[in-house]
Amino acid sequence: MSFKISVKDYGVLSFEEPITPYNISRTLGFKDIVSAKFNNRLLDIRTPIEEDGEMSFVYLQDSEAAEVYRHTMAHIMAQAVIRIYGKENVRLGIGPAIENGFYYDFEIVNGKITEEDLQLIEKEMNKIVQENLHIERIEMIKEKAIELMKKENQVYKLELIENIEDDVVTFFKQGEFTDLCRGPHLPSTGLVKHFKLLSVSGAYWRGDERNPMLQRIYGTAFLCKEDLENYLNSIQEAKKRDHRKLGPALDLFVIDTEFAPGMAFFTANGTTVLNELMRFSRELHTESGYKELMTPLVMSETLWRISGHWDHYKENMYFTSKEEQSYAIKPMNCPGHIIVYKSKPVSYRDLPLRYFEFGRVHRYERSGVLHGIFRVRGFIQDDAHIFCTPEQVKQEVMGVINLTKRIYSQFGFDYSVELSTMPEDHMGDEIIWERATRALKSALESANLSYTVNEGEGAFYGPKIDFHIKDSLGRMWQCTTIQLDFLMPERFNIVYTTPSGEQQQPVMIHRAIYGSLERFFGILIEHFAGAFPTWLSPVQVAVVPIADRHIEYAKGIHNKLQAEKIRIEIDARRETLGYKLRDLQIRKIPYVLIVGDKEIQNRTVSIRTRHGTNLGSMKLEDFENAIRKEIEQRSLKTLLGEEA
RNA sequence: GCCAGCGUAGCUCAAUCGGCAGAGCGGCGCAUUCGUAAUGCGUAGGUUGGGGGUUCGAGUCCCUUCGCUGGCUCCA
């Protein structure tokens, strides 16, 4: 047996016997490695290697090391939990490193972990760090490991081992604590000292709600104190952008939890923003050849039986009845659009037929999932259904992708794209699903979008492409969705006439770009931290007369700009100038026009931005032209000299 | 829905061990007419989420219900 390893910054070495990265590093005089990258996989330094490959060493300061030390931190936490609650009372689930931190799932027999306990656990973790325990990697024959786990009553670990294919499994041991684990881990528990436990929550074993619920502790860890503090501060800062906080504070919406949990009441300000969003969307949809519809909110239950919602979506629907007739409040707009489609004969010449609607839908959502206006029970979709021939599918999907890119670029945020395939609970043949999935893939590739695949996450009627946007706390939310559907046209038996006079079934593409206006609005609030671009700002300009004798002039400005459809208000409150400026700035009004004696004399306005910058005086006409242009262009930036 | 925590004035938060429900901001009133982030004084505002219980006495302890937060599952 002989194999070669190419070590970065050294050269190629030949070995006859299995060797660990640690031993290689020692031989070559590299010190203090915490992990090794071997053929692009992060390895524990104690893992014996016996094959050709390329290796580079990972040191504590390297970015790749975070995964390793956070994983070790999860073990330290588990060790602390066991010390506190007693070995016989703790059953371990899984404990991986995640983005920015780590977690571990526990079952505490006849007990529970509360937020208060986190301090206690942190204290014990600090002890373990102080003890600087040596971490050992142990290989064990699977049968023996199963026996051991049975003896220790570690039912979850047992399940994990039974699902491992190899004959040998690995454990990591630090002091009295041993855990089934693939690794990699640090050489000892004393290397990373700065950590914080963040929260405790429930998590189903293996993510399945039929399984028991374990308790999950989330934490984070960093090499130096500053990084930890910066991270904790960034969480605090992000919380200030939270739309649930900013929305009511900026008077955009309220949620009345007593009378309508999971429903948003948009105030005048919020409605203004939504109207602007809809206006923008309508313009683009018209340009892209969509026809706007309005369809009923309440339709017969029978309709929903035909559509398949009754069989696959009933749990999420609201029902009502009158005169012994049962009705459903629509959870989707598709059946309504199909009724319009069916209302007259369709020729191949009419296709693709793009029906668009700002459709208000209601879906029952379990109480625990509601979240501000990101996840509600009633929302408005910028929904459309494209009816087309099978040949037109790819082009139509690409059209939607382009429209999506166009809309996103207006706001300037990043997104990720996912393709979701056939779920367990689905309608129709697998062959149809495969064809549809291929069409979506092909469109994605032609559009040059990189994407990840979510197996089994599609809608019940077809596979879909989703665009996700990050919220202020790093959670991803689905906005745009493009779903292919070969099934609903069949169930409703809709057809078009082909050139040869035959009746053929169209393909249906369900798509929404904002997704839900509520969610998109919420994302915007967080993205701009409430300081919307001027075209979206509920109030675009405030005029502040310095003293009563300036009110008349201020009113003139107000009336003039208002006549130009600029959203302007006058602040003639009997308060000091400083007080009003502070108040208007907190409300994030893009421009404040201050008028006093000087301005009246020169027919100017003094301009102050919501960032507190004094832009000096300007002729009213010049200001008017600039802001009008800024609004017309729906500019992300101000045209008056600084970032909007 | 599930696990844990939380729910006091419009908002942010006090109220010791179970012992008279309070403050700041905001609102309202009066005075102040002011040049780029908070003028001063006064005043109203509460069934402590709802219901039940323990107790001489409950914001505080127990039960229940509704809601919220963090996650899990689910989803636009």
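Just so we're on the same page: letters track the sequence lines, and every chain starts at 1.
- Comparing B:A4, B:U36, B:G26 by their closest approach to the side chain of A:Tyr579 singles out B:G26.
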(message) Please evaluate residues A:Phe520 and A:Phe413 with respect to the criterion ring-ring contact (aromatic ring centres under 6.0 Å, His included), reporting the C-alpha separation (whole Å), side-chain torsions for both, the decisive distance (0.1 Å), and the verdict.
(response) CA-CA 11 Å; A:Phe520 198 82; A:Phe413 34 58; 5.6 Å; yes
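- Rounded to an integer number of Å, the gap from A:Asn454 CG to B:U73 C1' is 15 Å.
- Under the Watson-Crick and G-U wobble criteria, each requiring two contacts below 3.5 Å, nucleotide B:C75 is left unpaired.
- Not a single donor-acceptor contact under 3.5 angstrom links the side-chain atoms of A:Tyr364 to the base of B:G1.
- Side-chain N/O atoms of A:Lys245 include one lying less than 4.0 angstrom from OP1 or OP2 on B:U12.
- If you check B:G1, B:A4, B:G35 against the side chain of A:Val200, the one that comes closest is B:A4.
- Listed nucleotides B:C34, B:U36, B:G5 differ in distance to A:Arg549; the shortest reach to its side chain belongs to B:C34.
- Here the C1' atom of nucleotide B:C34 and the NZ atom of A:Lys598 are 14 Å apart, to the nearest Å.
- Out of B:G26, B:C2, B:C68, the shortest distance to the side chain of A:Tyr204 is found at B:C2.
- When rounded to the nearest whole Å, the span between CG of A:Leu250 and C1' of B:C11 equals 13 Å.
- For the pair A:Arg582 CZ and B:U36 P, the computed distance is 16 Å after rounding to whole Å.
- Closest to the side chain of A:Gln478, from the set B:C34, B:U12, B:A76, is B:A76.
- Closest contact between the side chain of A:Arg608 and the listed nucleotides B:A37, B:A38, B:G71 involves B:A37.
- Of the nucleotides present, B:G10 is the one that pairs with B:C25 by Watson-Crick or G-U wobble criteria, both distances under 3.5 Å.
- Using a 5.5 Å limit on the distance between ring centres and a 30° limit on the angle between planes, the aromatic ring of A:Tyr218 does not count as stacked on the six-membered base ring of B:G70.
- Proximity of A:His371 to the phosphate of B:G70: a side-chain N or O atom is located under 4.0 Å from OP1 or OP2.
- You'll find the ring centres of A:Phe195 and A:Phe102 outside the 6.0 Å limit.
- Minimum atom distance to the side chain of A:Arg375 is reached by B:C74, of the listed B:C74, B:A4, B:G35.
- OP1 or OP2 of B:U39 sits under 4.0 Å from a side-chain N or O of A:Thr576.
- Pairing of B:C34, defined by two Watson-Crick or G-U wobble distances under 3.5 Å, is not identified with any nucleotide.
- For the pair A:Leu252 CG and B:G10 P, the interatomic distance rounds to 21 Å; values are reported in whole Å.
- The base of B:A37 lies close enough to the side chain of A:Gln585 for a donor and an acceptor atom to sit less than 3.5 Å apart.
- At B:G70, one or more side-chain N or O atoms of A:Arg244 fall inside 4.0 Å of OP1 or OP2 (strictly under the cut-off).
- In this structure, a donor-acceptor pair under 3.5 Å is present between the side chains of A:Glu159 and A:Trp205.
- If you check the side chains of A:Tyr156 and A:Asp105, you find no donor sitting under 3.5 Å from an acceptor.
- Close to B:G71, at under 4.0 Å from its OP1 or OP2, lies no side-chain N or O of A:Tyr104.
- Remark: A:Thr257 is not in phosphate contact with B:C68, judged by side-chain N or O atoms under 4.0 Å from OP1 or OP2.
- Distances shorter than 4.0 Å separate none of the side-chain N or O atoms of A:Arg206 from OP1 or OP2 on B:U73.
- Across all strands shown, B:C17 has no partner, as no Watson-Crick or G-U wobble contact with both distances under 3.5 Å is found.
- Proximity of A:Thr480 to A:Asp466: side-chain heavy atoms (C-beta onward) are nowhere separated by under 4.5 Å.
- When the C1' atom is compared between B:A76 and B:C3, the two are found 26 Å apart, to the nearest whole Å.
- Pair assignment for B:C61 gives B:G53, based on Watson-Crick or G-U wobble hydrogen-bonding distances that are each under 3.5 Å.
- If you measure from atom CD of A:Glu424 to atom P of B:C74, you get 11 Å, rounded to the nearest angstrom.
- Between A:Glu209 and A:Glu116, the residue anchored nearer the 5' end of RNA chain B, judged by the nucleotide with its closest heavy atom, is A:Glu116.
- Whole-Å rounding puts the A:His312 NE2 to B:C75 C1' distance at 17 Å.
- Contact check, A:Lys112 against B:G5: a side-chain N or O comes under 4.0 Å of OP1 or OP2.
- A close approach under 4.0 Å does not occur between any side-chain nitrogen or oxygen of A:Arg366 and OP1 or OP2 of B:C75.
- Checking B:C72, B:A76, B:C68 against every side-chain atom of A:Arg363, the shortest atom distance belongs to B:A76.
- Put simply, CG on A:Leu581 is 15 Å from P on B:C34, counting in whole angstrom units.
- Using a 4.5 Å heavy-atom threshold, the side chains of A:Trp433 and A:Leu487 count as touching.
- No contact: A:Glu258 has no heavy atom under 4.0 Å from any strand.
- Side-chain contact between A:Ser288 and A:Leu403 is present, with heavy atoms from C-beta onward closer than 4.5 Å.
- Donor-acceptor pairing under 3.5 Å is lacking for the side chains of A:Lys598 and A:Ser606.
- Here the nucleotide nearest the side chain of A:Arg475, chosen from B:G71, B:C75, B:C72, is B:G71.
- Phosphate proximity of B:C3 to A:Arg216: absent, as no side-chain N or O sits under 4.0 Å from OP1 or OP2.
- Among the protein residues, A:Val376 comes within range of the nucleic acid bases, having at least one heavy atom under 4.0 Å from a base atom.
- Using N1 to N3 plus N6-O4 or O6-N4 for Watson-Crick, or N1-O2 and O6-N3 for G-U wobble, each under 3.5 Å, B:G70 pairs with B:C3.
- Inspection of the A:Thr604 and A:Glu599 side chains reveals no N or O donor paired with an N or O acceptor under 3.5 Å.
- Each of A:Gly372 and A:Met476 has a nearest nucleotide on RNA chain B; the 5'-most of these lies closest to A:Gly372.
- Base pairing of B:U47: no nucleotide in any strand meets the Watson-Crick or G-U wobble criterion (both distances under 3.5 Å).
- Taking 3.5 Å as the limit, the base of B:G71 and the side chain of A:Gln215 contain no donor-acceptor pair of atoms between them.
- The side chain of A:Met213 approaches B:C72 more closely than any other nucleotide in the set B:A76, B:C72, B:G35.
- In the interface, the side chain of A:Glu365 is paired with the base of B:A76 through a donor and an acceptor atom under 3.5 Å apart.
- Contact check, A:Lys464 against B:A76: a side-chain N or O comes under 4.0 Å of OP1 or OP2.
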